[in-house]
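Data block below; observations after.
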Amino acid sequence: MIEQTVMRALDFTLYYGDFKALNSINMEIPMNSITAIIGPSGCGKSSLIRSFNRMNDLIANMRTEGRILVDDEDIYSQDVVQLRRKVGMVFQRPNPFPKSIFDNVAYGPRIHGVRDRSRLAAIVEGSIRDAALWEEVRDDLDKSALSLSGGQQQRLCIARALAVEPEVILMDEPASALDPVATLKIEELMGKLKRKYTIVVVTHNMQQAARVSDYTAFMLTDPERSGNLIEFGRTSDIFTKPLDKRTEDYISGRFG
Amino acid sequence: MIEQTVMRALDFTLYYGDFKALNSINMEIPMNSITAIIGPSGCGKSSLIRSFNRMNDLIANMRTEGRILVDDEDIYSQDVVQLRRKVGMVFQRPNPFPKSIFDNVAYGPRIHGVRDRSRLAAIVEGSIRDAALWEEVRDDLDKSALSLSGGQQQRLCIARALAVEPEVILMDEPASALDPVATLKIEELMGKLKRKYTIVVVTHNMQQAARVSDYTAFMLTDPERSGNLIEFGRTSDIFTKPLDKRTEDYISGRFG
Amino acid sequence: MEGRKAGVQKRKRQFDTAMKYSLLFAALASILIVLMIGIFTFREALPAFRHIGIGKMLTEPVWRPGQEQFGILAMIAGSGLVTLGSVILGVPLALGCAIFLSEIAHPRIRALVKPCIELLAGIPSVVYGLFGMVVIVPMVRHIEVPGNTGFGLLSASIVLAVMILPTITSVSEHAIRSVPKEFREGSLAMGATRWETIQKVVLPTARSGIVSAVVLGLGRALGETIAMIMVIGNSVIVPAAANSNPLTIFLSRARTLTGNIAVEINYATGLHQNALFATGVILFVLIMIVNSSARYLMSRGGFKVQR
Amino acid sequence: MILRKIKQRLAFSTMWIACGMTVAILLVVIGYVIVKGFALINLDFFFTSPRGGLSGEGGISSTIIATVYLVITTLVFATPLGVGAGIFLVEYADNIRSRFAKKLVALARFGVETLAGVPSIIFGLFGYALFVSALHFGFSILSAALAGTCLVIPVIIRTTEEALKAVPDSYREASLAMGANKWETIWKVVLPSAIRGISTGIVLSAGRVVSETAIFYVTLGGSYRTPTSLMSSGRTMALHVYYLAMETRAFDKALATAAVLVVLIVVLNLIINSVSRWLST
Amino acid sequence: MARETYEAEMNSLREEMLRLSRMTDRALASSIEILRDRLFEQGEKLIREDEEINLVCYHIEESCLNIIATQQPVAGDLRFIFATMQIAMELERIADYAKGIAVINRRISPGDHIKPLIDIPRMQHKAGEMLEMAIDAFLKCDIESARRIPSMDVEINLLYEQVYRELVTRVMENPRRIADAMLLTFAAHNLERVGDRVINICEKVVYLCTGDVVDMG
Amino acid sequence: MARETYEAEMNSLREEMLRLSRMTDRALASSIEILRDRLFEQGEKLIREDEEINLVCYHIEESCLNIIATQQPVAGDLRFIFATMQIAMELERIADYAKGIAVINRRISPGDHIKPLIDIPRMQHKAGEMLEMAIDAFLKCDIESARRIPSMDVEINLLYEQVYRELVTRVMENPRRIADAMLLTFAAHNLERVGDRVINICEKVVYLCTGDVVDMG
Ligand SMILES: Nc1ncnc2c1ncn2[C@@H]1O[C@H](COP(=O)(O)OP(=O)(O)OP(=O)(O)O)[C@@H](O)[C@H]1O
Ligand SMILES: Nc1ncnc2c1ncn2[C@@H]1O[C@H](COP(=O)(O)OP(=O)(O)OP(=O)(O)O)[C@@H](O)[C@H]1O
Ligand SMILES: [Mg+2]
Ligand SMILES: [Mg+2]
Ligand SMILES: O=P([O-])([O-])[O-]
């Protein structure tokens, strides 16, 4: 059913202190596609997506079991800096740095040692183009990123993530802070990006998952409040003939 | 087409300083029904709904033309305190006062001179029941309202509005700060409330307007950025056969 | 029934209006005070400006009230040098501390240290002065330089540094902490280390807040009175280096503008008193300049800073 | 890669040291004052007055009384004005329509800003010129309290403003939408939610009065006798420390008094913290 | 259970389907009585009443559209609405066949039929039974039954063949009544078509319950 | 224009409809050739190919379902999808008639027909023309044309009556060939039904463009 997988969670379990937030997740993220993760609040969507690039490492009492493989290699046996290069992330609220548009996009390449001006400029242009923002900012690369609208900021953040040439882009509710027009733009952009990248997106908005994604994962907490993966499959199947009763009830709005 | 109207805007125009935010709105709000106001951001939905109970009076440089009738009487020839009793309001973010649940609901009646304890208690119970919250809080009326969850808080705010026995309840995006379950609860509650009250609700969420409302008003800004009423009609008609091309484009997500 | 209700409504409305005007009066009290301060200090200072001349006051180094010589250059130099000294000593420490508390420290350490710093800010200046007199001055006295009594700019700078430390620390810590967490995550997610994140994203973002914290500390240093009187020696001389090492200038005794006023006002009369008021006016203007630049920086950075 | 990590190590160690030094300074200052000071303290110290003269003999009872006296008087003047002004600036100022009133409001704001930046010695000068000399209050609690009022008014206004601004607008809207008028809204909804911030502001002001020295040095006189009326001269504890240190050179007594002062300040800090914690739950 | 309005709308849709199926069933039964007993008046009534069935069908379609537009159903609910819409169309068509039989009755020359009507009512009986079972399976989402029903169509087809052959024989004996014979064949043909329609309904039921498209024809 | 994926899906739906209508059209045309020229092999091919048409139709239905479930269309788009689904069903049925004609051809005794086939091809011609016009109206959302087309059905009905009467006459002359005559009548009947189906399509087109339900039958 799945073509080629980029990332793979194997019996992945995550604890915050004594609390088991994720319970033995098994999941494969197919390449060059959009995978949506849906589920009620607190079911561990963010915890899961933040595990893929080890952003959860920042949390003091976090502990994991099982494995996550990126490119068939355990994430904990890779260098975290390299991993995060490969697996980029876009956050819920647009968070461009208070620098110029150019410097925002050049941030990543510079960190990773690109100094050459013309190469930087090329990377910046390419990334902003890929993020479907070039036409809007081409003449204002020196303006502060904060002067952009919310939707533009979010696309800038995507451009920033693209600039380090990731394979996967994780997005945690990338449009939930945006108005409907900007949301639509982001959704269209995701559709374009999947030609070159693999996208994993968490969303509260079922319609959004339905609209944009190729695959959908549905998560739910069990009685101990740990997050479980209930169903994973093609989005069109999940939304027309889900296998699990709970998936059906959730997507038809019969509970949280 | 419309049964009985509670409120009626007649060529209502609203200025903030020199800026015309609403342009000659004509609209009738039918009794015991839910009227949804939809439209892109900044089209004047909030301005309109806040005009109905003169909440806009608080804005220094606001000026109106035309009339709004509530119960066939111009709102500006009514006492504002009485008007606001008649036309209650529920806001976007749940905003219970940092008092006990009981005191929150009793606030309005007390302001309006109810001192008798047993009467207060009866009003409070009735309102909380109507707001479909009684079962959840009956034993905790003395607890702080802030200890409730977001959705419960919003229902408490609705109870608080009901306590002064309004005819109309205005709601400005009442569920946009809530999670999907709480949203659903509020929507169901609205469906029940319309038996006794008339509800006008502003929402950004088209699906919500489609789900809950009986009538839908679609607003849009013209080239001068003033808000105009484009189409008003039964929700089922608006969502299956809108008369105006712009309505159609908007509700099918082709812009804003 | 309806009539009674209407009556209640009307009374309520009248009360509402009455309250509004009483509150307006309260709000105007502060401008009234400022006006009076302006009028009274300036009225008292005016004869000095007229008889001595503002230029002369600012450039003359000699202050001998007995001989009608009222130059305050020495005091200006004293204030300036002691402020400079305190900034040099205090700012690096304060910033290091602020960065540590907001970015590096474990929350538990932070919870422990933060109140301590607040406490440091609350300790009366007279206590610092006393501490300076009994601990720091004797220590400074050990430096072998001719004429060194321990009282002087160095002791004063050290005391003042400690005094401005909490202000700068807490204001800049606030500025750093109000850098949204999203910026940090954004940077880390691109493979930057924590230090790179602090250096390249957090500090630049908080820059205007930090700068204004420093300026705020500067203002506080300039206005400090009692502690300065207690450790600076209060000699009306333009500080000078005692030997070939220019740094020994800090061992010189001096007097600050504020100290000058406080020490002499209680017994001054006539033109002497006017001159002291004139000193006050000059000090006031100086501090206004510093403070408004701090405010400007803060408003530009978009950070709200308490106190 | 390794270089990047070493850089981080270095930088973090530096910060550690900076913070350690700051804490060390605090411990040394407070520790020194308290250890040295408490060596001299006994009950007598609290219950006898200073005897004057160059010896610095006696205790601090009259200075405690003067301090309390001054704090209360100052707060009686400053609290209504400060809180009232704060309420006006937050609740009414933005809704004013007339040009003239708008100018007044702008002026009031300017006043608060300016006042907050004035160094305390200027208040002293002003108090000396107006209350002590021009109004002939002499060196007295009254003069000092009035000068002190100028000092703490901006503190109270600011904290009140902050506290009121922290009250969400939605509370006000909700109340108004139910037909309450402005004052009812402020009294029943806004002030109760802001009381915590306002009261910490007032305690903060008390702390300022206790620790301020320069202003009172030039307005309170310095008599070591127990004040009997508003017109009495007196000396606060802080002032007493100064006199002991500078004029009598009685450093041991000064340290003892300073120790009491520090403990008092610590207690006030604790009060602020616990009051805010208690009110926030 | 949340979404009460929505549930209510879905339920009323279900009820309308039940109503439509009853009306269709009745129309089918009465059409054969009409043909057998040459009840012209009742025939006219049936023809008139078909209009009503069409209206109910339109109404169901409209409800489906409204529910989709306003309630955004997905998964099972959405399949239910799709199935409802298609089944309503089939039912309407079955009612059309009933009406068609009444029209045929009008055109057959008055008096006795060219042959006694035995197999045709049997066909009707069988078809009616199938229809009822299919609707039942639809409302109960009974896949088993939906899968079984199509086999019953074989019988109808056999009966049809028999009617057809018998009529052909009769015409050869009595060529002048060829028109009536043909009309009767059409009537039988209509009943045969009803069987096919019911099979279609069963296909939709299976689809509704499992999401799988099957071909049972 | 926003929602590009959505637009793309809608467009591909449109294209598939075009494809389905072409296939149906071709099947109809070839069915008459088959009948007229007794092309048994080609007939078998047509019968086999009908399966393909069914698949396309299922596929369209599935796309409609997916679009509704994932894209939540409303208003015009939703009506388009509804209309598409129903029209696809009608087209599939028309293709079934074509297949039916091929089956009839198989059952008619080899050799010449009982009468020369002139009117039946004419019927087919007319029906094919109507079908093409209706699909055109659908794709262009041309209400005018959709409203005009049903009047063309009158001609088909007249031709059908003529074929029917003629065949009845022939049978009286030659009762032994009654079976063939009946089969030919069924073929003509099928074509007549095609006309009705096209009218249904036109109804859907009007509905699609205006949101109004009309009865043109
Ligand atoms: N740092 C943390 N420490 C302890 N528990 C945590 C932490 N972060 C999250 N949790 C808990 O883990 C569970 C899953 O949280 P997570 O944020 O992954 O959910 P989510 O599905 O993303 O929810 P939402 O949709 O609200 O964002 C929740 O019960 C949450 O309370
Ligand atoms: N107090 C005000 N002063 C000046 N202009 C205002 C004010 N409030 C709103 N506007 C302007 O009036 C227009 C309509 O605003 P309004 O808030 O009614 O829109 P809206 O439809 O509610 O938008 P949203 O969906 O974002 O809430 C906007 O252009 C807005 O900028
Ligand atoms: Mg989350
Ligand atoms: Mg709004
Ligand atoms: O309804 P039919 O035309 O397929 O018999």
Side-chain angles (χ1 to χ4, degrees), chain B residues 46 49-50 52-63 78-100 103-113 144-147 153-154 156-158 160-166 169-172 177, chain D residues 87-109 160 162-200 275-281:
Chain B
S46 299
I49 201 174
R50 292 169 66 92
F52 285 130
N53 71 342
R54 289 178 56 185
M55 281 306 276
N56 273 343
D57 284 15
L58 303 177
I59 293 162
N61 58 353
M62 191 264 331
R63 190 160 57 82
Q78 302 185 31
D79 178 54
V80 66
V81 168
Q82 292 308 314
L83 173 70
R84 287 185 186 156
R85 255 189 104 154
K86 217 153 44 179
V87 184
M89 190 154 199
V90 173
F91 300 83
Q92 180 166 11
R93 325 203 111 257
N95 58 353
F97 302 133
K99 300 169 182 274
S100 74
D103 287 344
N104 259 282
V105 183
Y107 183 86
R110 279 186 181 139
I111 287 279
H112 294 295
S144 164
L146 300 179
S147 65
Q153 287 188 9
Q154 192 64 300
L156 182 66
C157 292
I158 293 176
R160 192 175 61 183
L162 299 182
V164 296
E165 298 172 353
I169 305 171
L170 309 174
M171 302 184 173
D172 194 349
Chain D
I87 294 176
F88 184 85
L89 289 178
V90 175
E91 301 293 331
Y92 289 92
D94 295 335
N95 274 315
I96 286 183
R97 280 163 196 258
S98 96
R99 268 289 153 77
F100 173 68
K102 264 187 190 153
K103 287 232 170 84
L104 278 186
V105 168
L107 217 57
R109 277 192 206 290
T160 305
E162 292 291 334
L164 293 177
K165 278 185 198 152
V167 177
D169 265 343
S170 59
Y171 289 178
R172 301 184 181 88
E173 288 193 323
S175 174
L176 291 174
M178 259 175 304
N181 65 26
K182 190 102 197 171
W183 179 248
E184 280 172 325
T185 301
I186 293 171
W187 186 245
K188 295 200 166 162
V189 176
V190 179
L191 281 184
S193 326
I195 194 74
R196 155 192 162 192
I198 296 174
S199 55
T200 48
V275 160
S276 51
R277 209 167 303 142
W278 170 65
L279 280 164
S280 70
T281 50

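The chains referred to below are lettered A, B, ... by the order of the sequence lines, with proteins before strands, and numbering in each begins at 1. Keep in mind that this is a model prediction, so the values were computed, not measured.
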Quiz prompt | Which atoms of Pro96(B) approach chain D - backbone, side chain, both or neither, heavy atom under 4.5 Å | solution = backbone
Quiz item: Do you know which two heavy atoms are closest between Phe97(B) and Tyr171(D), and how far apart they sit?
Solution: CE2-O, 3.3 Å
Self-check item: Reference residue Pro98(B); test side-chain contact (heavy atoms from CB on, under 4.5 Å); the match among Ser193(D), Pro168(D), Pro192(D)
Solution: Ser193(D)
Quiz item: Out of Arg110(B), Met55(B), Lys99(B), which one racks up the most heavy-atom pairs below 4.5 Å with chain D?
Solution: Met55(B)
Quiz item: Quick one: what part of Asp103(B) sits under 4.5 Å from any heavy atom of chain D, side chain, backbone, both or neither?
Solution: neither
Quiz item: How far apart are the closest heavy atoms of Glu184(D) and Tyr107(B), and which atoms are they?
Solution: O-OH, 4.0 Å
Quiz item: If you draw a 6.0 Å radius around CD in Gln78(B), do more than 12 non-hydrogen atoms from other residues or ligands fall strictly inside?
Solution: yes
Quiz prompt | Residue Arg160(B) versus chain D: region with a heavy atom under 4.5 Å | solution = both
Practice problem: Mind checking the CG-CZ spacing from Leu176(D) to Arg54(B)? Nearest 0.5 Å is all I need. | Solution: 12.0 Å
Quiz item: Non-hydrogen atoms of chain B under 4.5 Å away: do they reach the side chain of Lys182(D), the backbone, both or neither?
Solution: neither
Self-check item: Reported CG-to-CG distance for the pair Asn95(B) and Asp169(D), which is rounded to 0.5 angstrom
Solution: 10.5 Å
Quiz item: Of the backbone (N, CA, C, O) and the side chain (C-beta and beyond), which part of Leu83(B) lies under 4.5 Å from a heavy atom of chain D, both, or neither?
Solution: neither
